[in-house]
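In the text below, chain A, chain B and the rest are named by the order of the sequence lines, each starting its count at 1. Predicted model only: the values in this text are computed from it and were never measured.
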2 protein chains.
Amino acid sequence: MGITERREREREALRQRIVEAARDLLSEQGLGALSMRSIAERIEYSPATIYLYFRDKDELVGQVVRAGFERLRDYTTEELSRLPETADAADQYAATGRAYARFALDNCGYFRVMFELPGSARIDCPAVTDGAADPDAFERVVARLEEARRAGLLTVPDVRRAAVIGWGLVHGLTSLYLSGHLHEEMESNEEFMALIEEAMHSMYLGWGVGQEAAVRPAGRRSAVHRTGSVRAETGRK
Amino acid sequence: MGITERREREREALRQRIVEAARDLLSEQGLGALSMRSIAERIEYSPATIYLYFRDKDELVGQVVRAGFERLRDYTTEELSRLPETADAADQYAATGRAYARFALDNCGYFRVMFELPGSARIDCPAVTDGAADPDAFERVVARLEEARRAGLLTVPDVRRAAVIGWGLVHGLTSLYLSGHLHEEMESNEEFMALIEEAMHSMYLGWGVGQEAAVRPAGRRSAVHRTGSVRAETGRK
DNA sequence: AAGTTTGCCTGAACGGCGTTAAGTTCGTGG
DNA sequence: CCACGAACTTAACGCCGTTCAGGCAAACTT
């Protein structure tokens with residue numbers, strides 16, 4: 001009998017509808033308007049119904065976050081597709097950063113949900129992202145960098161760490177810009193995008209793009225290399 | 001008569017007590033526990049009383065943010081004081097970044113309030129920080145960089161932009177680490193601090209620290225330099 | 001066909017939130 | 001002594017996330 005299968009399908013469909021309602025609400029009205037009641041009203045169900053499909057708000061928002069990462073991936077592939085044939089791995093990496101910043105500007109609601117502490121009201125500080133933080137996308141960036149390294153385009157000791165650093169660079173500038181802390185320095189989105197471009201360019205130079213063989217003074221910067229020691233402990237709960 | 005003056009003093013004292021209660025509550029219990037009611041309970045007043053001293057929660061939190069920036073400044077000066085006499089401007093800049101990261105690890109509650117959208121429930125995306133975003137500290141960093149540039153330690157076109165980029169770099173890594181997105185890559189605070197160190201070092205290389213005269217291939221990276229054009233518009237409300 | 005079970009859904013409530021209007025207390029100035 | 005005004009509280013409003021007893025129709029059983 002296909003009845004239980006139909007039910008299962010309908011159940012999944014409604015579950016999907018809920019996520020979509022939350023996603024749209026977030027895009028259209030911002031994070032502040034994302035309440036269980038408003039979501040319920042949008043899908044024309046009672047608020048209590050949502051709890052038959054999601055354990056709590058966090059789980060629902062988690063699904064929205066997942067959708068956000070997929071959207072980010074779309075931005076990335078689209079930005080990459082704009083590149084000319086001659087683009088090298090470095091150009092591809094720059095395009096990825098550009099896509100990241102553009103995504104954030106277009107979907108700041110998503111951006112907040114994805115990167116401010118997920119639980120929103122979570123107490124312990126370093127929040128756990130239930131492991132779904134787009135492993136694919138990051139891995140692809142790492143692979144791109146590894147490719148560049150092999151091609152002699154950059155001389156960096158650990159591509160993985162380099163990728164993290166690049167992520168931090170773009171993410172930090174974006175986050176600061178969106179939260180208004182760069183308001184005095186940056187006045188328009190175009191100006192901001194130019195900043196991103198310049199920042200990534202600087203980073204490239206640091207990684208040895210275009211240089212023969214980097215100096216890499218590893219042991220230098222002798223003094224004060226133990227980092228904070230005691231106090232650094234307390235940060236983690 | 002000194003009566004009105006005494007009253008004014010008392011008024012200011014209570015106002016200060018409220019801010020301190022909020023600050024402590026934030027440090028001890030996290031952002032989620034920072035409610036008007038809990039603050040009121042801590043100072044043993046009715047919640048309504050707070051509204052005689054602050055227009056709304058945002059204004060109160062704004063004061064806490066101000067306190068947070070002062071604390072950040074303390075971290076910075078303390079970190080700078082650890083440097084040996086021989087430290088150059090580059091070392092000082094690195095110390096500033098280190099202080100920033102250490103501050104965030106020790107006071108993640110502060111960090112959230114300071115850099116996630118201040119209003120917390122604000123609708124329009126790029127929040128305005130009422131202009132109180134520690135102008136001093138940032139200016140001092142800029143001055144430090146300018147000094148380094150004059151000493152020939154780095155060859156960067158615009159120190160101000162360089163400072164912003166450096167800020168973004170450290171802020172982004174910190175933000176990602178605190179929100180758990182670097183959980184798979186970084187496992188301890190020490191590891192994270194080392195990452196910060198490495199990141200700043202890479203950035204230095206990019207800025208030409210220790211190089212004679214940087215190449216600065218300004219016009220290069222020919223293709224796709226108009227940044228996002230159309231879509232970038234919509235991000236701002 | 002009738003009765004029973006099952007699964008989906010809701011109304012109403014709980015406690016907590018930010019915020020406000022009305023009311024109380026009380027030291028002060030006329 | 002009285003009236004004013006400042007300081008403070010009580011009680012409520014309308015949000016929020018969440019839970020639970022109940023209703024109701026579709027599906028199964030006999």
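Minimum heavy-atom separation, Leu178(A) to Ala104(A): CD1-O, 3.8 Å.
Within 4.0 Å of Ser35(A), counting heavy atoms only, lie sugar-phosphate atoms of the nucleic acid but no base atom. Among the protein residues, Tyr53(B) comes within range of the sugar-phosphate backbone only, with heavy atoms under 4.0 Å from sugar or phosphate atoms but none that close to a base. Across all strands shown, Leu14(B) has heavy atoms under 4.0 Å from sugar-phosphate atoms exclusively, and none from any base. Among the heavy atoms of the strands, none lies under 4.0 Å from Ile39(A).
Here the side chain of Met36(A) is nearest to one of dT9(D), dG17(D), dG18(C), namely dG17(D). In the set dG11(C), dC28(D), dA12(D), the nucleotide with an atom closest to the side chain of Arg37(B) is dA12(D). For Ile3(A), counting side-chain heavy atoms from C-beta on, the closest listed nucleotide (dA27(D), dA21(C), dC9(C)) is dA27(D). With distances taken from any side-chain atom of Lys57(A) to the nucleotides dA7(D), dT18(D), dT9(D), the minimum falls on dT18(D). Closest to the side chain of Leu52(B), from the set dA7(D), dT19(C), dG17(D), is dA7(D).
Classification of the Phe115(A)-Phe111(A) ring pair by plane angle, with boundaries at 30° and 60°, yields tilted.
Between Ser46(B) and dC8(D) there is no side-chain N or O to OP1 or OP2 distance below 4.0 Å. Checking the phosphate oxygens (OP1, OP2) of dA27(D), a side-chain nitrogen or oxygen of Arg6(A) falls inside 4.0 Å.
Atom CZ of Phe54(A) is separated from atom P of dT19(D) by 15 Å (rounded to the nearest Å). Between the OH atom of Tyr51(A) and the P atom of dC8(C) there is a distance of 19 Å, rounded to whole Å. Put simply, CD on Glu44(A) is 10 Å from P on dT10(C), counting in whole angstrom units.
Within 3.5 Å, no donor on the side chain of Arg7(A) pairs with an acceptor on the base of dG7(C), nor the reverse.
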